[in-house]
Amino acid sequence: MSNHDATASNLDALNQWVLEVAQLTHPDRIQWCDGSDAENDALIAQMLADGTLIKLNEQTHPDSYLHRSHPDDVARVEHLTFVCTKDRDDAGPNNHWMAPDAARQQMKSLFDGCMKGRTLYVVPYCMGPIDSPLSRCGVEITDSPYVVANMRIMTRMGAAALARIEREGSFVKGLHSTGELDPDRRFIMHFPEDLEIQSFGSGYGGNALLGKKCHALRIASHQARQEGWLAEHMLILGIENPQGETHYIAAAFPSACGKTNLAMLIPPEGYRKDGWKITTIGDDICWMRPGADGRLYAINPEAGFFGVAPGTSEKSNPNALASIQQNTIFTNVAVTDDNQPWWEGLDTRVPVTDWKGKPFDAASKQPAAHPNSRFTVSAKECPSYSPHAEDAQGVPISAIVFGGRRASLVPLVFEARDWTHGVLVGAAMGSETTAAATGAVGVMRRDPMAMKPFCGYNFADYFSHWLSFDKAGAKLPKIFHVNWFRKGDGGDFLWPGFGDNMRVLEWMLKRVDGKAGSVETPIGHLPKAEDINLDGVELTAEAREKLFGYDRAGWTAEFEHIGEYLQEYGERMPERLVDERKRITR
Ligand code: GTP
Ligand code: SPV
Ligand code: MN
């Protein structure tokens, strides 16, 4: 066969699929996206003209826009998100499940004719550096220009991705339509066995930007299990010490629990003077696999940040704030009288318009920006973006951190004894729910490895997969658990958090090098307060006790609950993990 024939056949499947989708959805026109500036400019102009985007203050925020979503379409919808495997047990109790044929039938009737009067955009994208063997490609078909503009920021989108698909032949198929944005006609379906996603009825981030949670976590976790790697809901950061050495840490916290903030951390002044520096590789997703030397190497599959706006300020996250001064799409934030984006926690100004576009009434007690309002911006805009973020081979990981939002019980930091214990620590994670998904906020739930909404297969198999990395020749990272969100009896956070989290990172690196003290407890190694540099931090006696103490009775009850949770997975749960829990509670 000639080269030409091979190439033609590699794109045949894509062409055929686009044709089939067009026959089902009846778009007025089809546009293949190349990712160029000209294409983006035209899309932006069109969205400004039809009101999808509102231009923000050009002096203060050049080339930045506000999008107001439908007020019922502001977050991920976990109750409408399904993993459709042939065998229900393969999706596991952690996922909503539908039989693939039934799901396809249902989606077909929703997609039928849904793009009449609209443009069908074909969006080829690459998750990960375009030349990395760890990267994977996909194509999203969507009728939303807002989705196209966001995908262009969040992924390597366009001609280069299409060229890679042409070379490799394989890609994840994602079909998306905003439909009528009717919450009763909204479904996010995953077919991991066919590397396929179908999403209808939402334009919001994790429901609609299919490269992100749908592909890079739910589909990728399934692929990763088959191919011997990990797709995780983790940030990746680099810590440069005064000797000029850089260690990389990956950390899994549930949605809206601090990944973006930790990834962009600026160390306290004393640390900076000594030469400590943090660089950002990624803020939400991490793909990692063992390298030839036995260490885990990680890439950030994304190219941008889809970050939580509320709480982002010059004080909490100056790197994020610097990143979003230009070339940013804001979704569901408020605006000031001079047309600047605004959200709770930014500063003391009072906005004039709320996230729905109504005059803001400060007396109403309602927030002006939606609690899950977001910014979309290229990682290249971030001052701390690492020069190694685009390295094709990834960066070696020295420590893995799990963490949740726990007002009570869970201390500031502890270290797992070994890999098996660390996997249990991850599997046992709990966290209070946030506005990143629809439903009640502040309810404690089990969220293993921050993957509860994102693991594309049975959690029992997922934990087995994690355990399988512990084998001859492996040089695995140490595993830690943190809680930035411990509260005192008065209801206030006991730990200053943000930049001061550097103190905890330093302790972890010292532990990696065998240079820091700890005390052994049933839950692992806890630092004593004096093991962590607290210069300049004032902690009350209550804070010291709760941040560094071990509450035996509380943990006994917690491990009961963890045991009940693990039992939900029945026989499939790996014995090693069940035994590990027994060992701790003995
Ligand atoms: P997703 O993008 O949904 O995955 O969220 P994320 O994990 O990246 O969370 P993010 O860093 O955006 O933080 C969410 C909220 O938690 C913001 O309002 C932050 O201001 C707040 N936050 C982050 N880090 C800390 C911390 O160390 N202490 C406290 N008290 N709040 C924090
Ligand atoms: C999250 O909810 O974890 C996010 C935002 O990072 S979304 O893209 O909607 O998933
Ligand atoms: Mn996330």
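Everything quoted here is computed from the prediction, not taken from an experiment. Whatever order the structure lists ligands and atoms in, that order sets their numbers, starting from 1.
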Select the closest option to [atom] among [options], judged by heavy-atom distance.
atom: atom 30 (N) of ligand 1; options: Phe305, Phe306, Phe454, Phe493; answer: Phe493
atom: atom 4 (C) of ligand 2; options: Lys259, Met154, Lys213; answer: Lys213
atom: atom 6 (P) of ligand 1; options: Met234, Lys259, Glu344, Arg374; answer: Lys259
atom: atom 1 (P) of ligand 1; options: Gly206, Gly205, Ala256; answer: Ala256
atom: atom 24 (N) of ligand 1; options: Phe253, Phe498, Trp495; answer: Phe498
atom: atom 8 (O) of ligand 1; options: Thr260, Asp283, Asp492, Val504; answer: Thr260

State plainly whether the residues [X] and [Y] are in salt-bridge range, i.e. N to O under 4.0 Å.
X: Arg349; Y: Asp347; value: yes
X: Lys259; Y: Asp283; value: no
X: Glu415; Y: Arg511; value: yes
X: Asp535; Y: Arg503; value: no
X: Lys510; Y: Asp531; value: no
X: Asp489; Y: Lys546; value: yes
X: Lys487; Y: Glu542; value: no

Looking just at side-chain N and O atoms, do [X] and [Y] make a donor-acceptor pair shorter than 3.5 Å?
X: Asp143; Y: Ser177; result: yes
X: Thr81; Y: Arg218; result: no
X: Gln366; Y: Trp355; result: no
X: Tyr271; Y: Asn533; result: yes
X: Trp495; Y: Asn501; result: yes
X: Asn319; Y: Tyr385; result: no
X: Ser373; Y: Asn332; result: no

Which ligand 2 atoms does [X] reach within 4.0 Å, using its non-hydrogen atoms?
X: Tyr204; answer: 5 (C), 9 (O)
X: His233; answer: 3 (O)
X: Ala436; answer: 2 (O)
X: Asp284; answer: 6 (O)
X: Ser255; answer: 1 (C), 2 (O), 3 (O)
X: Gly206; answer: 7 (S), 8 (O), 9 (O), 10 (O)
X: Lys212; answer: 6 (O), 8 (O)

Hey, is [X] one of the residues with a heavy atom under 4.0 angstrom from ligand 1?
X: Pro310; answer: yes
X: Pro496; answer: no
X: Gly307; answer: no
X: Lys487; answer: no

Using a strict 4.0 Å cut-off to heavy atoms of [X], name the atoms of ligand 1 that fall inside it.
X: His233; value: 4 (O)
X: Pro254; value: 7 (O)
X: Val308; value: 5 (O), 12 (O)
X: Asp284; value: 4 (O)

### Message
Give me the atom names and distance for the closest heavy-atom approach of Arg156 to Asn300.
### Response
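So the minimum-distance heavy-atom pair works out to NH1-O, 4.1 Å.
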### Closest protein heavy atom to atom 11 (O) of ligand 1, given as residue, atom name and distance to 0.1 Å
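Sorting protein heavy atoms by distance from atom 11 (O) of ligand 1 puts Asn261 ND2, 2.8 Å first.
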### Query
What protein heavy atom sits nearest atom 2 (O) of ligand 2, and how far away is it?
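Result: Arg76 NE, 2.9 Å.
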#### Entry: Every N, O or S from the protein that is nearer than 2.8 Å to the Mn ion (ligand 3)
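Near the Mn ion (ligand 3), below 2.8 Å, one finds Lys213 NZ, His233 NE2, Asp284 OD1.
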Under 4.0 Å, heavy-atom basis, I'd like to know which part of [X] is in contact with ligand 1: side chain, backbone, both or neither.
X: Ser316; answer: neither
X: Cys257; answer: backbone
X: Asn317; answer: neither

### Message
Tell me if the NZ atom of Lys528 is crowded by more than 12 foreign heavy atoms within 6.0 Å.
### Response
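Enclosed: over 12 neighbouring heavy atoms sit under 6.0 Å from NZ of Lys528.
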### Query
Picking from Thr85, Leu195, Asn95, Ile197, what satisfies side-chain contact (heavy atoms from CB on, under 4.5 Å) with His190?
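Running side-chain contact (heavy atoms from CB on, under 4.5 Å) over Thr85, Leu195, Asn95, Ile197 with His190 returns exactly one hit, Ile197.
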Is there at least one pair of N or O atoms, one from [X] and one from ligand 1, spaced under 3.5 Å apart?
X: Gly258; answer: yes
X: Arg405; answer: yes
X: Asn501; answer: yes

### Query
Would Thr52 and Tyr65 count as a side chain to side chain contact (heavy atoms under 4.5 Å, CB included) if you check the C-alpha gap in whole Å, the side-chain angles of each, and the deciding distance to 0.1 Å?
CA-CA 10 Å; Thr52 303; Tyr65 306 94; over 6 Å; no
### Query
Per the salt bridge (Lys or Arg N to Asp or Glu O under 4.0 Å) rule, which among Lys452, Lys213, Arg445 passes with Glu78?
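Exactly one option meets the salt bridge (Lys or Arg N to Asp or Glu O under 4.0 Å) with Glu78, and it is Arg445.
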#### Entry: Centroid separation His222 to Tyr457 less than 6.0 Å
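When the ring centroids of His222 and Tyr457 are compared, they turn out to be at least 6.0 Å apart.
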